[in-house]
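Inspection log for the structure reproduced underneath, given as structure tokens.
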Amino acid sequence: MSSDFALSSRPSARAEGNEWSADDYRYMARALMLARRGLHGTDPNPRVGCVLVRDGGIVGEGWHQRAGEPHAEANALEMAGDRARGATAYVTLEPCCHYGRTPPCTDALLAAGIARLVAAMSDPNPQVAGKGLAILRHAGVAVECGLLESEARALNPGFIQRMTEGRPFVRLKLAMSLDGRTALASGESRWLTGEAARQDVQRLRARSSAILTGSGTVLADDPGLDVRLPETERQPLRVILDTALRTPPTAKTLRLPGPVLLFTAVADPALQKPLRAAGAEIAVVPRAENGLSLRAVMAELARRECNEIHAECGPTLAGALLQTGLVDELVIYMAPILLGDKARGLCELPELKRMQDRYELDVLDARAVGRDWRLTLRFAK
């Protein structure tokens, strides 16, 4: 599935042997559209939409906007008021049944008197995981699950993976010329792609829990690693992998608002002190063969409730992420230019001796973005 929401016209499942109606599809599609409005703001919670329907018309709708604020069901119920009694609720994710920062949505739905609930998918959170549907069903609500499930899963790849596999979803963004180069031999790379592609990258950053890079990129380019969109309300965590603490305390990203987390193998507090004074939080993780243990990094980011990691880095770290099998999605922007065989390559990977050992990917999406092309790929299974 691509990073973009695409509504399928084909049934994704059947509800306990029953076929869903055209109206069921229409209202769930509306709920999915509402859920997408929370794409940049709900982290670390999932993006969820809800539509309440009674007597053939929508009486309430809502979506989860920010963590700590009311869930989609609560917003839809508030809009519907007394009209929610006897209604059908269409939700893109199974309603929660536990107390977190907000009360259980199952309690609110039952108190409102809904008659039927259609969920796109069950909640992968072990605290819910079918319990919410069971509570509603036991209370006499007609419950169905699985309508447009693949579209619902596409909205929350990181939340699902963190809950089921204990690690974030990693999206590796790269930019290259037609001949597969990322910069001149001197390192000059501005600008490889056009303004439209760079704005598109900002939207990918905005949906992420964290933006990750290596100290080599910080030293070479001094990036801000922030989201620069007018409507931005939340800055993702900025993550730097720096085995030997080479990041200067004067780095641009340390001077910008928002949290910065630096992973290193250097445990000496005296060497860490200048970066801590500059505002960085420092986490020590084990070394690996050519740097830090990337699996330890991802485990810590999952512990911090990071769902989606947006990696923008140089060829060394890009190659390490690929070789470790931690890249879940590749987004490559391809500029219609040629840089020549002396220019720098896309990622550092070991030499292959046999064609059968090549990396194979499936193209999920290919589209023009301004003068450039954006390819969205995942590894073939």
Side-chain angles (χ1 to χ4, degrees), residues 168 170-193 197-198 200-202 204-205 208 210-226 236-248 250-254 256 260-266 275 280 285 287-298 301 309-335 337-351 359 361 372 374-375 377:
V170 177
R171 182 178 292 109
L172 175 59
K173 170 263 173 182
L174 298 168
M176 69 178 191
S177 61
L178 283 176
D179 50 350
R181 305 293 171 169
T182 62
L184 299 178
S186 65
E188 181 182 352
S189 62
R190 293 186 179 179
W191 290 107
L192 192 68
T193 55
R198 297 198 295 274
D200 197 57
V201 171
Q202 291 296 314
L204 288 180
R205 287 185 178 188
S208 304
I211 301 170
L212 180 145
T213 196
S215 57
T217 297
V218 173
L219 290 170
D221 300 332
D222 196 21
L225 302 176
D226 57 335
L237 175 68
R238 302 194 290 277
V239 178
I240 302 171
L241 305 191
D242 188 352
T243 307
L245 283 186
R246 298 190 300 159
T247 300
T250 56
K252 179 181 179 181
T253 193
L254 293 174
L256 296 174
V260 177
L261 175 61
L262 193 149
F263 285 95
T264 185
V266 177
L275 286 163
V285 293
R287 287 181 181 269
E289 184 177 350
N290 295 312
L292 298 175
S293 168
L294 296 177
R295 294 197 180 277
V297 168
M298 294 305 162
L301 291 174
I309 308 300
H310 176 87
E312 291 188 31
C313 52
T316 301
L317 179 52
L321 287 167
L322 289 165
Q323 290 180 69
T324 313
L326 291 173
V327 175
D328 298 292
E329 186 172 273
L330 267 169
V331 178
I332 300 179
Y333 293 86
M334 187 166 57
I337 58 175
L338 300 171
L339 295 182
D341 59 2
K342 300 300 181 184
R344 300 185 181 186
L346 191 65
C347 52
E348 293 181 7
L349 295 171
E351 180 185 1
Y359 295 81
L361 301 105
D372 306 305
R374 187 188 75 193
L375 301 177
L377 313 102

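All values derive from a computational prediction rather than experimental measurement. Reckoned from all heavy atoms, side chains included, excluding hydrogens, waters and symmetry mates.
- In this view, T193 and A175, A197, R198, Y333, A335, D372 satisfy the side chain to side chain contact (heavy atoms under 4.5 Å, CB included) rule, not counting sequence neighbours.
- Side chains of L212 and F263 form no contact here, defined as non-hydrogen atoms less than 4.5 Å apart.
- Every side chain to side chain contact (heavy atoms under 4.5 Å, CB included) that Q323 has, sequence neighbours left out, goes to L349, P350, Y359.
- Here the OG atom belonging to S177 is positioned 6.5 Å from the CG atom belonging to L192, to the nearest 0.5 angstrom.
- Looking at R374, its side chain never comes within 3.5 Å of a backbone N or O of V331 through a donor-acceptor pair.
- Atoms CD1 and OG1, on I240 and T217 in that order, are 10.0 Å from each other to the nearest 0.5 Å.
- The shortest non-hydrogen separation linking V218 to P223 is CA-CD, 3.7 Å.
- The CG atom of L375 lies 6.5 Å from the CE atom of M176; values are rounded to the nearest 0.5 Å.
- In this structure, the side chains of L254 and R238 stay at 4.5 Å or more apart for every pair of heavy atoms.
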Discussion item. Using side-chain contact (heavy atoms from CB on, under 4.5 Å), reason through R344 and L339 one step at a time and then give a plain yes or no.
Written reply: CA-CA 9 Å; R344 300 185 181 186; L339 295 182; over 6 Å; no
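- Here the closest non-hydrogen pair linking L326 and R295 is CD2-NH1, 3.5 Å.
- For A220, there are no side chain to side chain contact (heavy atoms under 4.5 Å, CB included) partners two or more places apart in sequence or in a different chain.
- The CG atom of L219 lies 6.5 Å from the OG1 atom of T247; values are rounded to the nearest 0.5 Å.
- Checked by atom type and distance alone, the side chain of D179 never pairs as donor or acceptor with a backbone atom of L338 at under 3.5 Å.
- Nearest approach of L225 to I211, heavy atoms of both residues: O-CD1, 3.1 Å.
- L174 and C313 get closest at one heavy-atom pair: CD2-O, 4.3 Å.
- For the atom pair CG (D221) and OG1 (T213), the distance works out to 8.0 Å, reported to the nearest 0.5 Å.
- Of the inter-residue distances, the one linking T316 atom OG1 with N290 atom CG reads 9.0 Å to the nearest 0.5 angstrom.
- For the pair V266 and T243, the tightest heavy-atom approach, listed with the atom from each and the gap, is CG2-O, 3.5 Å.
- Here the side chain of T182 pairs a donor or acceptor atom with the backbone of G345 at under 3.5 angstrom.
- Minimum heavy-atom separation, A244 to T264: N-OG1, 4.3 Å.
- R181 contributes a side-chain N or O that, together with a main-chain N or O of A343, makes up a donor-acceptor pair within less than 3.5 Å.
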Discussion item. Using the rule given for side-chain contact (heavy atoms from CB on, under 4.5 Å), can you reason through L262 versus L245, listing the C-alpha separation, both sets of side-chain angles and the distance that settles it, and then say yes or no?
Written reply: CA-CA 9 Å; L262 193 149; L245 283 186; 3.5 Å; yes
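- The shortest side-chain heavy-atom distance between R171 and D328 does not fall under the 4.5 Å cut-off.
- Here the options are L377, L361, I309, L322, the test is side-chain contact (heavy atoms from CB on, under 4.5 Å), and the partner is V327; only L322 passes.
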